[in-house]
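Residue numbering restarts at 1 for every chain, and letters A, B, ... go by the order of the sequence lines.
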2 protein chains.
Amino acid sequence: MTAHRIGIIGLGKIAQDQHLPVIGANPNFELLAVSSQRGLSHRDARHTFQDYRELLKLPELEAVSICTPPQVRYAIAREALLAGKSVLLEKPPAATLSELEDLRRLAARTGRVVFTTWHAQYNKAVKEARKALAGWSVRRLLVTWKEDVRHWHPGQQWIWQAGGFGVFDPGVNALSIVTRIMPEPVFIKTADLSFPSNRDAPIAAALTFAMNHGEGDLQAVFDWRQTGPQSWDIEVETEAGLILKLSQGGSCLEIGGRLVVKEEPAEYEGIYRRFDALLNARQSEIDDAPFRLVADAFMIGRRVQVEPFED
Amino acid sequence: MTAHRIGIIGLGKIAQDQHLPVIGANPNFELLAVSSQRGLSHRDARHTFQDYRELLKLPELEAVSICTPPQVRYAIAREALLAGKSVLLEKPPAATLSELEDLRRLAARTGRVVFTTWHAQYNKAVKEARKALAGWSVRRLLVTWKEDVRHWHPGQQWIWQAGGFGVFDPGVNALSIVTRIMPEPVFIKTADLSFPSNRDAPIAAALTFAMNHGEGDLQAVFDWRQTGPQSWDIEVETEAGLILKLSQGGSCLEIGGRLVVKEEPAEYEGIYRRFDALLNARQSEIDDAPFRLVADAFMIGRRVQVEPFED
């Protein structure tokens with residue numbers, strides 16, 4: 001089988017740090033083109049465009065990875081599908097759930113592949129946690145996702161705007177692990193959303209979840225005000241008393257006190273292996289569960305005003 | 001074909017005003033049982049329960065209409081489906097989108113019918129508006145949904161709690177008309193949500209929508225502070241200049257200045273005709289588009305604090 005000829009739309013940090021090197025190292029992909037509004041290019045790309053519409057006109061192009069900010073992803077994905085190209089979407093896959101639903105319709109209509117990626121799911125520790133929990137009932141879940149926004153998003157204003165998701169930008173990574181490993185669906189029961197008085201997006205959130213079986217104690221705490229050590233931990237306890245600890249963003253797993261997985265993250269390598277398989281099978285994979293939990297949290301959440309945030 | 005034996009769970013205002021008389025007048029349904037936590041009963045019902053779980057045990061029961069507050073609808077619907085009963089859901093169909101998605105899975109798994117009702121869609125004027133707009137492009141949409149919350153929801157505290165939806169409780173009726181009549185999908189572009197400083201739900205909302213074709217001027221204004229005349233109007237203008245006006249909550253339709261439909265609402269008669277057909281065909285109808293727009297509005301909306309509201 002020949003390599004998939006792919007283009008990257010949007011050459012920001014995530015494209016430079018992950019998509020470009022991972023595509024470069026995967027023999028099943030050939031980087032045909034890149035497009036960058038700011039006029040960036042890359043030595044591996046045969047073609048470079050400023051306008052993604054020009055990129056989409058390449059007849060030999062099979063698929064595009066859309067690495068722009070989420071606000072414009074839907075419009076680009078739609079044009080790509082209508083141009084007959086398959087689409088890989090960075091997280092979150094769109095600005096709203098309705099946009100994502102329309103991409104599902106378009107995938108069916110055009111017969112092209114739509115792939116929503118949630119990079120945190122592509123850790124070996126997450127895969128093993130999912131296996132270990134299958135068939136069990138959970139009685140306790142504690143998600144602790146605390147990081148320093150000044151370090152990770154210095155001066156980025158869009159994350160604080162309405163629709164920028166605020167602390168749910170990292171928080172949805174945790175939710176994408178939760179929806180992947182939990183042996184049954186979880187639902188948002190309550191959400192306390194802390195909005196700085198000078199911002200339109202939450203800086204912290206405390207969630208409680210419900211399940212259908214049992215009266216579990218299921219919680220998540222997201223906080224962007226963490227200085228010092230950062231926490232990306234998920235602890236799960238089954239009815240049988242087994243305790244699983246995922247730490248370091250899903251790259252380490254302890255089960256019953258024993259270290260089972262500790263690996264350097266290779267999330268994007270896993271993403272492109274999966275995309276290769278989906279393209280070969282002409283099959284879409286549209287996972288909207290993590291995004292739906294975010295929308296539910298905003299819809300039923302209680303807003304609390306906290307001190308102004310200046311970066 | 002024998003009549004569908006049906007039960008009503010929750011005997012609040014909407015059950016008493018609409019479901020009971022409409023079922024009573026439809027020969028294709030037989031009211032087998034009602035359940036009411038407060039111990040209400042109805043002369044037409046052969047059985048009366050305080051606990052809906054007892055109602056669900058009736059072997060001859062085919063379906064239930066769930067008319068409780070939205071917070072508990074999902075849990076009841078789930079138990080009903082697992083007990084082999086079909087389910088009609090009042091609006092909104094669940095407390096969160098994730099709950100509704102789980103009901104979709106359960107409908108498929110149990111082979112029973114799930115029917116999400118949006119009563120405003122069952123007006124002849126809405127049906128005619130949909131027909132008139134089919135195939136056209138829209139260049140202007142103005143939804144004006146303004147009513148007096150003190151009149152329509154006197155002393156109801158749950159509508160002001162987080163998860164009570166606030167002004168989106170009536171607003172989703174307008175959105176359910178919009179998703180029904182518009183010839184292409186609309187997406188929330190911006191949302192300004194006005195929260196009284198002493199409440200956890202919005203008292204007013206201003207929405208703008210986007211479409212894929214053209215640069216339309218698409219807006220909705222919801223307000224619960226309207227005294228005097230109440231407004232439930234939707235105006236649509238096509239690219240060709242044709243103007244449609246739906247008024248009085250979708251019961252009147254003017255096209256190009258000419259009155260086309262003016263009818264007393266018979267929404268619930270239409271709902272039960274549809275449920276009869278779905279039960280006979282063993283086919284679910286799960287329309288989540290209006291609810292999804294509400295979640296999107298909360299997720300990307302900007303919160304504005306307004307004066308306290310006392311009722």
Heavy-atom pairs under 4.5 Å with chain A - which of [options] has more of them than the others?
options                               : result
B/Gln71, B/Arg105, B/Gln161, B/Arg302 : B/Arg302
B/Asp296, B/Leu293, B/Thr96           : B/Asp296
B/Ser98, B/Ala201, B/Ala295           : B/Ser98

Q.
Other residues, nucleotides and ligands only: do more than 12 of their heavy atoms fall within 6.0 Å of CD on B/Glu235?
A. yes
Q) Would you find more than 12 non-hydrogen atoms of other residues, nucleotides or ligands less than 6.0 Å from A/Trp152 atom CH2? A) no
Q | Which portion of A/Phe165 sits near chain B, non-hydrogen atoms under 4.5 angstrom | A | side chain
Q. Which bit of A/Ala75 comes within less than 4.5 Å of chain B, counting heavy atoms only: side chain, backbone, both or neither?
A. neither
**Q.** Separation of B/Ile300 CD1 from A/Phe298 CZ (nearest 0.5 Å)
**A.** 10.5 Å
**Q.** Nearest-0.5 Å distance that lies between atom CG in A/Leu97 and atom CG in B/Asp288
**A.** 9.5 Å
(Q) At a 4.5 Å cut-off on heavy atoms, which part of B/Ala95 comes close to chain A: side chain, backbone, both, or neither? (A) backbone
**Q.** Per-residue contact mode, B/Tyr74 against chain A (heavy atom under 4.5 angstrom)
**A.** side chain
Q. Between B/Met299 and A/Val294, what is the shortest heavy-atom contact and its length?
A. SD-CG1, 3.9 Å
Q) Step by step, would you call B/Asp200 with A/Arg303 a side chain to side chain contact (heavy atoms under 4.5 Å, CB included)? A) CA-CA 7 Å; B/Asp200 288 322; A/Arg303 280 132 199 99; 6.0 Å; no
